[in-house]
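For reference, the structure discussed in these notes is given below.
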Amino acid sequence: MWQTIVLGGLMAGNGLPRFIRGITRRRYPSALGHGPVPNLIAGWAGLVLGGLLLWWAHIDRHPELSFASVGASVLLIGLFHAGPGAFGRRDAHQ
């Protein structure tokens with residue numbers, strides 16, 4: 001059960017920055033393309049899939065474990081995006 005919750009948190013946490021980049025019309029590397037529309041679609045799909053995984057895991061049955069698992073997985077994917085990211089880090093000063 002906790003694996004599904006962690007995966008749901010990772011999917012939703014990974015979908016959020018892509019969704020935000022899409023609705024703010026900014027480019028961001030994505031499997032579907034780098035433009036705003038592909039990022040919006042990829043982000044929306046990640047959020048929906050993450051929500052479905054969390055619903056399927058019945059998070060209401062174990063709220064403490066669910067909160068901890070989702071919190072840890074969103075933190076991990078956030079640290080990944082803030083650090084090297086999926087496509088490496090490109091500093092604006094170089």
**Message:** To check you understand the geometry: which heavy-atom pair defines the closest contact between Leu54 and Gly9, and what is its length?
**Reply:** CD2-N, 4.3 Å
**Message:** Assigning hydrophobic clusters by single linkage (Ile, Leu, Val, Met, Phe, Trp, Tyr; side-chain heavy-atom cutoff under 4.5 Å), is Leu76 placed with Met11?
**Reply:** no
**Prompt:** Cluster question for you: counting only ILVMFWY and a side-chain heavy-atom cut-off of under 4.5 Å, with indirect links fine, are Val70 and Leu10 together?
**Reply:** yes
**Prompt:** Given the rule that I, L, V, M, F, W and Y join up when any side-chain heavy atoms are under 4.5 Å apart, are Leu7 and Trp56 in one cluster?
**Reply:** yes
**Asked** Is Phe19 linked to Ile77 within one hydrophobic cluster, defined over Ile, Leu, Val, Met, Phe, Trp and Tyr using a side-chain heavy-atom separation of less than 4.5 Å?
**Response** no
**Asked** Roughly how far, to the nearest 0.5 Å, is the CZ atom of Arg26 from the CD1 atom of Ile20?
**Response** 10.0 Å
Contacts table for residues 38-48: side-chain donor-acceptor under 3.5 angstrom, sequence neighbours left out:
{"from": "Asn39", "atom 1": "ND2", "to": "Tyr28", "atom 2": "O", "distance (Å)": "2.8"}
{"from": "Asn39", "atom 1": "ND2", "to": "His34", "atom 2": "O", "distance (Å)": "3.4"}
{"from": "Asn39", "atom 1": "ND2", "to": "Gly35", "atom 2": "O", "distance (Å)": "2.9"}

**Item:** Rounded distance [0.5 Å steps], NE2 in His58 versus OG1 in Thr4
**Value:** 10.0 Å
**Message:** Starting from Ile5, can I reach Trp55 by hopping between I/L/V/M/F/W/Y residues whose side chains sit under 4.5 Å apart?
**Reply:** no
Contacts table for residues 59-68: side-chain donor-acceptor under 3.5 angstrom, sequence neighbours left out:
{"from": "Ser66", "atom 1": "OG", "to": "Ile59", "atom 2": "O", "distance (Å)": "3.2"}
{"from": "Ser66", "atom 1": "OG", "to": "His62", "atom 2": "O", "distance (Å)": "2.7"}

**Item:** Over all atoms of both residues, closest heavy-atom pair of Thr24 and Arg21
**Value:** OG1-O, 3.4 Å
